[in-house]
Amino acid sequence: MFTNEKDFGGDFGKEIFRNIDNFNSLEIASGYFDPQTIEKNRNKLLEIAKRGFCKILVGMIYHEGVSKNQKKTLEELNKDLKKINNESGVYITLRKYHGKIYKFKKDQNDLIFVGSSNFSGTGMYGNLECNTSVLDRGSKDHISKFLNHLFTSKELCANLDNVELTIKKKKKKKSKEKLSKYEISKASFPKSKILSETKIKLRVDEQPRSSLNLYFEKGRKNPKTGKYSPRPWYEVEITSKKSERTKDYPVGKFIAYVFDDKKYYKLNMITASDGYKGIMTKDNREILGEYIKGKLEREGHLERLETITIDTLRNYGQDYISLKKIKDKTYYLEF
C-alpha cells in the first residue's frame with residue numbers, strides 16, 4: 001500500500017517511477033494529470049516506450065477543458081511517443097473516467113496498481129492517498145481487459161490527434177446569454193385557451209448521453225480536422241416516442257411560449273429526425289437546454305457537468321415536458 005505517508009508505504013510516485021526502469025511497457029489510466037509530472041519524467045516515459053510501449057489515458061479533461069500549458073504538454077508528449085512506435089501515445093476518454101490504474105509489463109511478468117492517485121504531483125507525493133498492487137491473477141486479467149477496453153473502444157476513447165481539447169477560460173459566463181434574446185413582454189405573451197396537451201417523458205436513465213444529457217455524448221467530428229470536440233453544456237434535443245406523437249404533436253417548425261422565473265419567452269422550435277421524434281429549439285439547441293437545465297440548476301437539483309438522472313427529475317417534481325396547443329403550430333411549453 002502506498003499513501004504518501006512514510007509509515008504507510010511512502011510516496012506512490014517513488015514506487016511508480018522506480019518500476020519504469022524494471023519493465024518494458026507502461027499503461028496509465030488517470031482522471032487528471034499535471035504538466036510538471038510529465039516534464040520531470042519525460043525521459044523515463046520515452047525510454048520505456050522504446051523498450052516496448054507507453055500509453056497514457058486522461059479521463060476527466062475532454063469536457064472540463066485544460067490550460068494552454070496542459071494542452072501543449074500533452075500534444076508534445078503524444079507526438080514524441082508516436083514517433084517511437086504506434087502502440088504508444090496519449091489518449092483522452094470521451095466519457096468521464098475517474099479511475100486510476102497503473103500497469104507495468106515485461107514478458108510474462110506484470111505489476112498493476114489501482115487506487116486514488118492521479119498522474120500528478122499531488123497524487124504521487126502530496127495528497128493523502130491510497131494505492132495498492134493487485135496480486136490475484138484473476139483480478140489482474142480483469143483489470144487488463146478493462147484497460148484494453150478503455151484504450152480501444154471508439155465510443156469511449158480517442159488518441160489525442162483526434163480530439164480537440166478545450167482551453168479553459170478564466171471566467172465562465174453564466175447561462176442567460178442565449179435565452180434572454182427570446183424574452184418578450186408580458187403583454188406579448190398570449191392568454192389563449194388550451195386546445196390539447198401532449199406530454200413527452202424525459203427518459204434520462206435510458207439516455208445517459210443523449211436527449212437532456214447530450215453534453216456527455218462523444219461530441220461532433222470536425223470534417224476538416226477529423227477531431228472531436230465536446231458539445232456545449234446546455235445543448236439538448238428531447239426525443240419523443242411514437243406513442244407520444246399524437247395528432248396534436250407538432251410537426252416541423254412551431255412556436256413555443258415559455259414562462260419561467262417571472263419572465264416570458266417566445267421560442268422558435270422544430271421537430272426533426274425520423275418521424276419528427278426530436279424536439280429542439282430551431283435557432284440553437286442550447287436555448288431549450290438553458291431553459292430546462294437552468295431551471296434545475298436554479299432550484300438546486302443540478303450542478304454543472306452533472307448527469308441528469310431520474311432522481312434529479314424526481315427531486316424536481318416532474319419527469320416530462322408539456323406541450324399545450326393553443327392554435328396551429330403554437331404551444332405553451334412547460335417544464
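I200 is not connected to L195 by any chain of hydrophobic side-chain contacts under 4.5 Å among Ile, Leu, Val, Met, Phe, Trp and Tyr, and they are in different clusters. Under the 4.5 Å side-chain heavy-atom criterion for ILVMFWY residues, a single connected hydrophobic cluster contains both I20 and L77. Neither V58 nor L147 shares a network with the other; the hydrophobic side chains, linked directly or stepwise wherever heavy atoms of I, L, V, M, F, W or Y lie under 4.5 Å apart, form separate groups for each. By the criterion of side-chain heavy atoms lying less than 4.5 angstrom apart, applied directly or through intervening Ile, Leu, Val, Met, Phe, Trp or Tyr residues, V236 is grouped together with F216 in one hydrophobic cluster.
Aromatic ring pairs are classed by plane angle as parallel below 30°, tilted from 30° to 60° and perpendicular above 60°; the pair Y332 and Y257 is perpendicular.
Here K201 does not pair with E244 in a salt bridge; the nearest charged N to carboxylate O distance is not below 4.0 Å. Remark: D21 does not engage R51 in a salt bridge, criterion side-chain N to carboxylate O under 4.0 Å. Note on K55 versus E87: no salt bridge recorded, every NZ/NE/NH1/NH2 to OD/OE distance being 4.0 Å or above. A salt bridge does not link K6 to D11: none of the charged side-chain nitrogens sits closer than 4.0 Å to a carboxylate oxygen. Ionic pairing of K79 and E76 is not present here: no N-O contact between side-chain nitrogen and carboxylate oxygen is shorter than 4.0 angstrom. Salt-bridge check for K50 with E47: passed, with a basic side-chain N closer than 4.0 Å to an acidic carboxylate O. We find that R137 and D110 are joined by a salt bridge, their nearest charged nitrogen and carboxylate oxygen being less than 4.0 Å apart. Ion pairing of R285 with E235 is present here, as a side-chain N (NZ or NE/NH1/NH2) and a carboxylate O approach within less than 4.0 Å. Salt bridge status for K72 with E75: absent, with no side-chain N to carboxylate O gap under 4.0 Å. Using a cut-off of 4.0 Å between Lys/Arg side-chain N and Asp/Glu carboxylate O, E217 and R209 are scored as not salt-bridged. K277 and D274 are not joined by a salt bridge, as no carboxylate oxygen comes within less than 4.0 angstrom of a charged side-chain nitrogen. Salt bridge present: K218 and E155 bring a charged side-chain N and a carboxylate O closer than 4.0 Å.
Side chains of L333 and L288 form a contact here, defined as non-hydrogen atoms less than 4.5 Å apart. You'll find the side chain of K96 reaches within 4.5 Å of the side chain of L305, heavy atoms only. Contact annotation: the side chain of Y62 never approaches that of T93 to less than 4.5 Å [non-hydrogen atoms, C-beta and beyond]. Between N213 and V204 there is a side-chain heavy-atom pair separated by less than 4.5 Å. In this structure, the side chains of K44 and N41 come closer than 4.5 Å at one or more pairs of heavy atoms. Considering only heavy atoms from C-beta on, N131 stays 4.5 Å or farther from I16 through its side chain. Side-chain atoms of L156 and F151, non-hydrogen and from C-beta on, never get closer than 4.5 Å to each other. Annotation: side chain of I194 is not in contact with side chain of S196 (no heavy-atom distance under 4.5 Å).
No more than 12 heavy-atom neighbours from other residues, nucleotides or ligands sit within 6.0 angstrom of CZ on F8. Counting heavy atoms of neighbouring residues, nucleotides and ligands inside a 6.0 Å radius, atom CG of D136 exceeds 12 of them. Atom NZ of K266 has 12 or fewer heavy atoms from other residues, nucleotides or ligands within 6.0 Å. No more than 12 heavy atoms of other residues, nucleotides or ligands shown are found within 6.0 angstrom of OH on Y276. Dense packing is recorded around NZ of K140, with more than 12 heavy atoms of other residues, nucleotides or ligands lying under 6.0 Å away. Crowding of R231 atom CZ: a count of heavy atoms from other residues, nucleotides or ligands under 6.0 Å exceeding 12.
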T37 and D34: CA distance, side-chain angles, deciding distance, side chain to side chain donor-acceptor pair (under 3.5 Å) verdict: CA-CA 6 Å; T37 299; D34 67 32; 2.6 Å; yes
For the pair Y265 and F189, evaluate ring pair (Phe, Tyr, Trp, His ring centres under 6.0 Å) and give the outcome as yes or no after the intermediate values. CA-CA 8 Å; Y265 303 94; F189 194 82; 9.3 Å; no
Before you tell me yes or no, could you show the steps for D319 and R314 under salt bridge (Lys or Arg N to Asp or Glu O under 4.0 Å), namely the whole-Å CA-CA distance, both residues' side-chain angles and the distance that decides it to 0.1 Å? CA-CA 7 Å; D319 64 353; R314 283 172 179 163; over 6 Å; no
Dump the intermediate steps for side chain to side chain donor-acceptor pair (under 3.5 Å) on N78 and N159, then the final yes or no. CA-CA 9 Å; N78 185 56; N159 181 262; 3.2 Å; yes
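Rounded to the nearest 0.5 Å, atoms CD (E237) and CG (L214) are 6.5 Å apart. Note that CD of E197 and OG1 of T246 are 10.5 Å apart. Values are rounded to the nearest 0.5 Å. Annotation: the span from K241 atom NZ to E206 atom CD amounts to 5.0 Å, rounded to 0.5 Å. Atoms NZ and CG, on K105 and N24 in that order, are 10.5 Å from each other to the nearest 0.5 Å. Going from atom OG of S30 over to atom CE of M124 covers 7.0 Å, rounded to the nearest 0.5 Å.
Screening residues 12-52 for ring-ring contact (aromatic ring centres under 6.0 Å, His included), with sequence neighbours left out, gives F12-Y102, F12-F113, F23-F104.
S88 and N85 share a side-chain donor-acceptor pair at under 3.5 Å. T198 and K325 are not linked by any side-chain donor-acceptor pair at a separation below 3.5 angstrom, with hydrogens and angles left out of the test.
The cationic group of K295 does not satisfy the cation-pi geometry with Y316, failing either the under 6.0 Å distance to the six-membered ring centre or the 45° limit from the ring axis. Both tests hold for K199 against Y320: distance to the six-membered ring centre under 6.0 Å, angle to the ring axis within 45°.
A donor-acceptor pair is defined here as one N or O able to donate and one able to accept, closer than 3.5 Å; no such pair exists between the side chain of D107 and the backbone of N109.
Here the rule is side chain to side chain contact (heavy atoms under 4.5 Å, CB included) with D205, and of T307, L313, I310 only I310 fits it.
Side-chain heavy-atom separations under 4.5 angstrom define the hydrophobic clusters, and L128 shares its cluster with no other residue.
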